[in-house]
Amino acid sequence: ESICGFEALARLKTSELGSVTPGEFIPIAEKSKLIIPIGDKIILRALDFQSRLEKEGFEGLSTAINISVIQLLVPGFADTLIGMVHEKRIDPKNITIEITESVFEYDFDYINSVLVELRKSGLTLAIDDFGTGYSSLSREMHLDVDCIKIDKFFIDHILEIEKPITCDIIEIAHKQEHYVVG
């Protein structure tokens, strides 16, 4: 076994509240649109990390970055992100952009056009936390992504009642030529 990649995870710690989980602060940041500057900082730190990996000669390692749908809706987001990857001299195939399946509740055609642009640049795209919330297998089939990351709920219960459902999700994803992460 070996390390094949990393994921940039946002954490918030305040003197007043202590540690605040992403499940608590991300929805507030999205609602207030503060996710845009917060997301920019996360992207920059993740790209700096990946750049250091590549400069140190760690071949084949990738970094995954969670991107909010709110960020995807910002005009020019794809061009800005692609420009940042090139500016840092990072191999685009070593960056995975993860979006949650909440993408299905927004302007699907516009978001898919942004994803197409990102994917054409060589970035890897993944749907994160698939299987809960806004899941739509019919939409998933038309979304231009490389990977489906099955929600932790299904993985935690795979040996119990969720095995048939999890197996079906994996089979459908494979038929769409997506790889699957659990």
Side-chain angles (χ1 to χ4, degrees), residues 3-12 22 25-27 29-130 133-136 139-150 173-174 176-181:
I3 295 172
C4 62
F6 299 90
E7 182 173 357
L9 299 172
R11 298 294 181 254
L12 177 65
F25 76 84
I26 295 294
E30 286 180 327
K31 190 173 185 176
S32 66
K33 305 275 195 263
L34 285 173
I35 194 66
I36 296 167
I38 292 169
D40 289 347
K41 288 182 182 190
I42 294 167
I43 291 168
L44 278 173
R45 290 192 69 180
L47 293 179
D48 284 341
F49 176 78
Q50 182 64 36
S51 178
R52 284 194 313 272
L53 286 176
E54 291 182 20
K55 285 177 184 167
E56 294 291 325
F58 292 101
E59 306 258 339
L61 292 177
S62 64
T63 300
I65 308 167
N66 289 286
I67 301 294
S68 166
V69 176
I70 303 301
Q71 292 170 274
L72 287 175
L73 294 171
V74 172
F77 173 80
D79 290 335
T80 301
L81 178 59
I82 294 164
M84 291 165 64
V85 169
H86 290 302
E87 182 181 308
K88 302 271 182 195
R89 297 176 193 224
I90 296 170
D91 187 341
K93 74 175 187 218
N94 293 333
I95 299 295
T96 299
I97 301 302
E98 296 185 3
I99 55 172
T100 62
E101 63 179 20
S102 65
V103 69
F104 297 126
E105 75 170 303
Y106 292 89
D107 184 344
F108 183 82
D109 293 330
Y110 177 78
I111 288 174
N112 205 34
S113 71
V114 173
L115 297 180
V116 166
E117 199 174 333
L118 293 171
R119 197 161 180 234
K120 280 183 185 176
S121 76
L123 299 171
T124 302
L125 302 177
I127 297 290
D128 198 11
D129 300 331
F130 189 82
Y134 300 95
S135 291
S136 169
R139 289 281 181 127
E140 186 276 329
M141 293 181 342
H142 296 99
L143 203 58
D144 197 13
V145 298
D146 302 287
C147 175
I148 304 296
K149 290 183 67 180
I150 298 175
H174 284 167
Q176 295 301 314
E177 298 182 5
H178 298 144
Y179 66 92
V180 180
V181 176

Work out which heavy atom in [X] is nearest to a heavy atom in [Y]; give both atom names and the distance.
X: Glu98; Y: Glu7; result: OE1-OE2, 3.0 Å
X: Thr96; Y: Ala126; result: CG2-CB, 4.1 Å
X: Leu61; Y: Gly5; result: CD2-N, 4.1 Å
X: Pro27; Y: Pro22; result: CD-O, 3.6 Å
X: Lys88; Y: Leu47; result: CG-CB, 4.3 Å
X: Asn66; Y: Ala8; result: ND2-O, 3.7 Å

Are the side chains of [Y] and [X] in contact, using a 4.5 Å heavy-atom criterion?
X: Ile3; Y: Phe58; value: no
X: Leu81; Y: Leu123; value: yes
X: Leu115; Y: Ile97; value: no
X: Gln50; Y: Asp91; value: no
X: Asn94; Y: Thr63; value: no

Open item on the list: Go through it in stages, so that I can follow the logic: the residues are Glu117 and Asp79, the test is side chain to side chain contact (heavy atoms under 4.5 Å, CB included), and I'd like the CA-CA distance, side-chain angles, deciding distance and then a yes or no.
Closed with: CA-CA 8 Å; Glu117 199 174 333; Asp79 290 335; 2.6 Å; yes

- [ ] Check the side chains of Asp40 and Gln71 for a donor-acceptor pair under 3.5 angstrom, ignoring hydrogens and angles.
- [x] no

Could you measure the distance from the [atom1] atom of [X] to the [atom2] atom of [Y]? Nearest 0.5 Å is fine.
X: Leu125; Y: Ile95; atom1: CG; atom2: CD1; value: 12.0 Å
X: Glu30; Y: Leu34; atom1: CD; atom2: CG; value: 11.0 Å
X: Phe77; Y: Ile82; atom1: CZ; atom2: CD1; value: 9.0 Å
X: Ile67; Y: Leu118; atom1: CD1; atom2: CG; value: 8.5 Å
X: Ser62; Y: Leu53; atom1: OG; atom2: CG; value: 9.5 Å
X: Ile70; Y: Ile26; atom1: CD1; atom2: CD1; value: 11.5 Å

Task: Short side-chain to backbone donor-acceptor contact, Ser113 and Tyr110, under 3.5 Å - done: yes

